[in-house]
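This report concerns only the one structure given below.
Just so you know, these numbers use all the heavy atoms, side chains as well, and skip hydrogens, waters and symmetry mates. Residue numbers begin at 1 in each chain, while the letters A, B, ... track the order of the sequences.
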Amino acid sequence: MRPRHVLVLLAVATAACDGGASAADEPAVLTVFAAASLAEAFEDVAAELEHRHDGLEVRLNLAGSHTLAGQLLEGADGDVFASADDVEMARVVAAGRAADPQPFASNDLVIAVEPGNPKAVTSLADLARDDLVVVLPIGDVPAGRYAAAALERAGVEVAPASLEVDVRAALGKVVLGEADAAIVYASDVAAVGGRAQAVALPPDPAAGIRYPVAVVDAGRQPDLAAEFIELLFDDTGRDLLRRHGFGAP
Amino acid sequence: MTAATEPRRRRAGERPVTALVGLALTAGIVLLVLPLLGLLARTPWSRILALLGEPALRETLRLSLLVSVASAALSLVLGVPLAWLLARVSFPGKRLLRALCVLPMVLPPVVGGVALLAAFGRRGLVGAPLERLTGITLPFTTAGVVLAVTFVSLPFLVVTVEAGFRGLDARIEEAAATLGASRWTVIRRVSLPMLAPSLAAGSALAWARALGEFGASITFAGNLGGSTRTVPLAVYLELHRDPDAAIVLSLVLLAVSVAILVGLRDRYLGVGR
Amino acid sequence: MSLVAEVTARYADFVLDARVEVDDGEVVALLGPNGAGKSSLLRIVAGLERRGDGRIGIEAGQVVIGGVTVDDVAAGVHVPAAERRVGMVFQDHLLFPHLDLTDNVAFGPRSRGTGRREARRVALDWLERVGLADRADVRPDALSGGQAQRVALARALAGDPAVLLLDEPLAALDVETRQEVRGLLRDHLRSFEGPVVLVTHDPLEALTLADRLVVLEDGRVSQSGTPAEVARRPRSSWVARLVGINLVHGVAAGTEVTVGATTLTTAEPVDGPVDVLFHPHAVALHRTRPGGSPRNTWRAVVDGMDVEGPRVRVHLDGPLPVVAEVTPAAVADLGLSEAVEVWAAVKAVELHVEPR
């Protein structure tokens, strides 16, 4: 055989090898599926966990809870799933991909507006005004469901200019100045700093925005996954969540 | 003896190469054909008619048709003079202009959407004064969708029609002039008819591209059923809601695209066939 | 009506500076070597060379067609091509590929405002006159080269032009077709009432179709006259060669003429700048220097040979670039071929000297 062919075979053989090395040599990777609104908070939690484990890499898969649930249902590899509502978590649990979800944080809905609130938005009722361009998260995602429920409870009918595919996109439209108002999470507004202002809504016990988290069955790092979740419940985790605008579960 | 061994030695050296090439070919064809076959395999044939009858689906299809046709028309109006300019006139900075015309083809569509917001959004270079003076806004409107999809599909028309212009013998236009045809008559009776094949091919390509645009459209114009939710956006949403509907919509788009490409009969590969 | 074109135009590699006048009903052949500016002059008359597009244009002069000034640089007049009543026939016919023959020929009248039906009637009439009425509905790509040129002629004439311009109309055709179309051309050029300018590099075309020849060399008119006049008294080497004669320029002092570094002895005493003309068959070739009676001899190198029937034309390079005509037997005897050195000789009585 020509030397060239030997090299090719070697390369192919090496690429095909996997799992041969022991777990201690390989850097560990923990994959966390998290709702988009948890982005900043979970980055901090992930950094904390990485700090505690030398060589650990925490990969955050951030997207709308609906999309994440869909991915898990299609068989995607993950270790932890943190959803923005119970409905999506229930789908994943029902498919047998996760078990024993626990709520670890709560959130509030707010109306995001331009800093300074130039259009003087003060309540949900204002969103029905003709002179406002309003965007809402689409009903497929948790934030969209919460927003629709809140509007219905308040008896307000809104004609949105767009139904964005995730809550951050809705907030983005306000930040860009394309929309005057959007219904998003308090934590989202906290995440963009001074680029948007939150108009608080009256406390609504019926809202029930809870974030459940669960270990994904058949994930490859069950111990680390459990540790990540524990972190969310201890003082460090709670502190981080609070700083990012989340409430206690 | 030599005659028998030499050809064999040569063939032995060629075999691995032929095998590798064959492998690459198979892989290539599989890559292209398998996803389409997969789509056909997952199609809910029994539900197709029911799904196609759903008002929301039909609304989406109608909107996509309206938007793509309007976009193709706009591309024609804007693109033909541009193609003429690039093919016939020399001026400083021409290379830059041509690069700009082709840019939307290589730009990620979402980036295109962001750029469009920067120009035509409510705070945009043109959008802000537009709103201030006329109260007209483009984002979140069907017109905005047309703008966004035209941005990404116009280059296809310009490139095709420019090639068409280059294929046009300028001397024939001179002959027409000596026969008494005014500039406009030459364009109307000679240049445009001779350009017709490349115009058709360019429009068809632009139309197909406009039909399939997602990134720029959702970023610039948003997502609302009936006014801005075109087929690609609907597919994205339906994928997690009702996958059957997503597949049916995808199939429709696929069938339309294949019909266009086949109908063009290789003309999009280069004018003059 | 007539045509007067007196123009100066600058091009990348030469300057065109010529005056051409053509009367009504006259056919002038514009003759000359390639690159002399013949087509350019024609395009200027047609109005196709624009001024001010940066590249080329008329620098000075005027063009008057039928008494109407269509170009006058000094006065800033330039009538666009479409408004000149010019009919033009091109070497590559340039018929409109997407129109049938009738629409092609009707194009001129229609562009000038004639209604569709009337224009088609005129077109069919012209197609009849060029013998292609039976193919009125076909597209140009179905025609042969000769047929296409006939249609091109009909198309140019159907527009009722004031002047007819033809740019090497037969050059792209094969020899037999050329003959056929030439006959048709002659008839139509004869019957055309306005001035006709025919650009050609083929002397046969010029001689059979034209009333007058104008020779353009290097952007300038080197000679003008009837074919007979030009043939009898060529005034440049190119024309002489065209007509089949050798011509060299020299300075005469009595019967001695100095042509460059060579001195020739002639039979007629003349003084001053002269043209020396002699037939190719008067040039005798030898391998060694000929002795005997004093004759004009010089060394030359064979630069090429053409066989023309029973004679061979040998092109000679050297102090006097000339053409000699010998028999094939002589070629064999002398062992002539490219780059062979020979001695050329001409008798004094064979040299005709004309004052320049």
Side-chain angles (χ1 to χ4, degrees), chain B residues 76 80-81 83-97 160-204 264-265 267 270-273, chain C residues 39 42-43 45-50 53-55 65 70 79-100 103-114 116 119 123 139-140 148 151-152 154-167:
Chain B
L76 262 178
V80 173
W84 173 82
L85 189 72
L86 289 173
R88 285 291 169 82
V89 183
S90 52
F91 53 90
K94 181 172 172 176
R95 226 177 267 163
L96 182 64
L97 181 64
T160 312
V161 175
E162 189 196 336
F165 268 116
R166 284 180 189 280
L168 214 57
D169 195 341
R171 298 181 306 155
I172 291 202
E173 294 176 342
E174 280 187 341
T178 62
L179 290 164
S182 66
R183 198 69 180 267
W184 175 236
T185 307
V186 172
I187 291 176
R188 190 173 53 89
R189 289 199 68 203
V190 178
S191 317
L192 281 181
M194 284 181 74
L195 220 49
S198 67
L199 280 177
S203 310
L264 278 180
R265 273 178 284 176
R267 276 211 206 97
V271 195
R273 277 166 184 249
Chain C
S39 294
L42 217 64
R43 287 173 60 87
V45 173
L48 293 173
E49 304 285 67
R50 276 180 302 250
D53 63 356
R55 281 193 306 125
I65 301 179
V70 293
V79 176
E83 288 167 46
R84 303 189 187 195
R85 302 293 301 258
V86 167
M88 197 152 172
V89 178
F90 303 85
Q91 184 174 334
D92 297 327
H93 68 75
L94 297 184
L95 294 175
F96 304 123
H98 59 290
L99 299 175
D100 65 22
D103 283 329
N104 256 284
V105 178
F107 194 88
R110 280 201 65 193
S111 299
R112 298 215 158 95
T114 313
R116 195 146 188 258
R139 292 268 170 99
V151 178
R155 184 177 69 170
L157 290 170
D160 192 24
V163 56
L164 188 62
L165 306 173
L166 303 109
D167 192 350

What are the two closest non-hydrogen atoms of B:Thr185 and C:Ser111, and how far apart are they?
CG2-OG, 4.4 Å
Counting heavy-atom pairs under 4.5 Å with chain B, the top scorer among C:Gly113, C:Pro97, C:Ala46, C:Pro80 is C:Pro97
Looking only at heavy atoms and a cut-off of under 4.5 Å, which of C:Asp92, C:Leu95, C:Leu99 has the most pairs with chain B?
C:Asp92
Quick one: what part of C:Phe107 sits under 4.5 Å from any heavy atom of chain B, side chain, backbone, both or neither?
both
If we only count heavy atoms from C-beta on, is the B:Glu174 to C:Met88 side-chain gap below 4.5 Å?
no
Please classify the contact of B:Ala176 with chain C as side chain, backbone, both or neither, using a heavy-atom distance under 4.5 Å.
both
Quick check: do B:Arg189 and C:Phe96 have side-chain heavy atoms less than 4.5 Å from each other?
no
Could you tell me which non-hydrogen atom of B:Ala175 sits nearest to which non-hydrogen atom of C:Arg155, and how far apart they are?
CB-NH2, 3.9 Å
